[in-house]
Amino acid sequence: MMASRSITTVDELVAAGLLAAGEEASAAAAAEHYAIAVTPAMADLIDPSDPLDPIAAQFVPTAAELVRTEEERDDPIGDRPFTPLPGIVHRYPDRVLLKVVHVCPVYCRFCFRREMVGPQGDGTLTAEQLSAALDYVRANTGIWEVILTGGDPLVLSARRLTEIMRQLATIPHVRIVRIHSRVPVVDPERIDAAMIDALKQGGKTVYVALHANHPRELSAPARDACARLVDAGIVMVSQTVLLKGINDDVTVLDELMRAFVENRIKPYYLHHPDLAPGTGHFRLSIKEGQALVRALRTRLSGLCIPAYILDIPGGHGKIEISERALAGDPDAGYCVTDPQGNTHPYPVKK
Ligand code: SF4
């Protein structure tokens with residue numbers, strides 16, 4: 001039977017059979033800095049007898065997280081230099097991130113914002129901070145798209161989401177509201193009529209970018225939750241982080257991308273893993289990622305192909321990792337060109 005509440009401690013991981021004997025101390029050391037949360041829906045998908053289970057690997061802390069490499073950084077994609085006031089990241093002229101909440105229903109061990117999210121993170125915006133952030137969006141008439149992210153915005157109550165969507169509705173130059181979330185997969189029952197009603201308040205075009213990394217995450221309840229969103233007129237796109245030991249396999253990626261498309265979710269981003277602290281065990285090389293994407297292209301319809309993306313460390317934006325976007329000798333470190341044509345070193349070799 002599915003548990004009724006999330007696992008949030010090492011003792012609960014042990015009791016659920018999700019932590020091997022002898023791993024408690026290192027898991028506790030990792031969890032001291034980066035919180036644990038595994039929802040009942042995700043715990044239910046884990047095969048405790050499989051030490052390499054790809055769902056467990058995403059959420060169960062390990063000793064590998066205690067290893068920090070030289071190139072890793074607390075703010076790997078450079079949010080902070082583009083934060084003019086709390087809750088806003090304004091990196092590109094026509095869009096902003098609005099980070100209302102800094103908690104998530106699950107804590108992914110590879111999270112690129114792991115220093116900012118969670119109980120130890122940046123906290124939820126106060127009413128005054130949210131009002132100032134919305135005033136910023138109102139004052140910057142070039143902002144066409146507001147991206148609610150965080151943290152996971154769909155942990156907010158339907159009432160709070162309604163308030164935010166209604167506020168955004170009063171800003172005529174904002175045409176698109178995009179919401180980045182893992183909730184339809186990790187807590188599908190939250191996508192109920194009240195939540196959908198909240199997302200539709202104000203009449204903006206709403207996109208939900210679903211974060212899922214393995215085809216098993218698209219369980220029957222998750223597929224139903226996505227169908228409820230799409231049936232309500234909300235457009236869905238996907239984002240997946242390419243992760244060693246979880247989805248660095250062409251058959252797994254093939255199945256995942258087909259599952260997205262079958263469920264009316266357009267594959268959008270395949271992220272190369274960021275240089276977040278203690279995540280080196282999840283990282284594969286850019287060369288390996290390019291080979292996987294090449295293999296996907298030989299097997300899948302163009303509809304199923306996401307853009308393979310690198311967030312340039314330091315906040316210089318995203319680039320698609322085509323064979324041409326990276327120059328230099330892979331064995332000595334790459335040189336990447338940002339959207340403005342400026343070049344930056346990418347410190348990871350191979
Ligand atoms: S849901 Fe997103 S923001 Fe939250 S821990 Fe996972 S990757 Fe990080």
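Just so you know, ligand 1 is whichever comes first in the structure, and atom 1 is the first atom listed for that ligand.
At least one N, O or S atom of Cys108 sits under 2.8 Å from atom 6 (Fe) of ligand 1. Put simply, Cys104 gets within reach of atom 4 (Fe) of ligand 1, with an N, O or S atom under 2.8 Å from it.
By heavy-atom distance, the residue among Ala37, Cys111, Ala276, Pro105 lying nearest atom 8 (Fe) of ligand 1 is Cys111.
Each of Arg216, Gln58, His214 was checked for a side chain to side chain donor-acceptor pair (under 3.5 Å) with Asp53, and the lone residue meeting it is Arg216.
Annotation: cation-pi geometry not satisfied between Arg178 and Tyr207 (NZ/CZ under 6.0 angstrom from ring centroid, within 45° of ring axis).
With a 4.0 Å heavy-atom cut-off, ligand 1 is reached by no atom of His180.
Between Phe110 and His281, the distance from one ring center to the other does not fall under 6.0 angstrom.
Asn247 contributes a side-chain N or O that, together with a main-chain N or O of Leu243, makes up a donor-acceptor pair within less than 3.5 Å.
Between Arg223 and Ala259, the closest heavy-atom pair is NH2-CB, 3.9 Å.
The protein heavy atom nearest to atom 2 (Fe) of ligand 1 is His211 ND1, 4.1 Å.
Arg182 counts as a contact of ligand 1, since one of its heavy atoms falls under 4.0 Å from the ligand.
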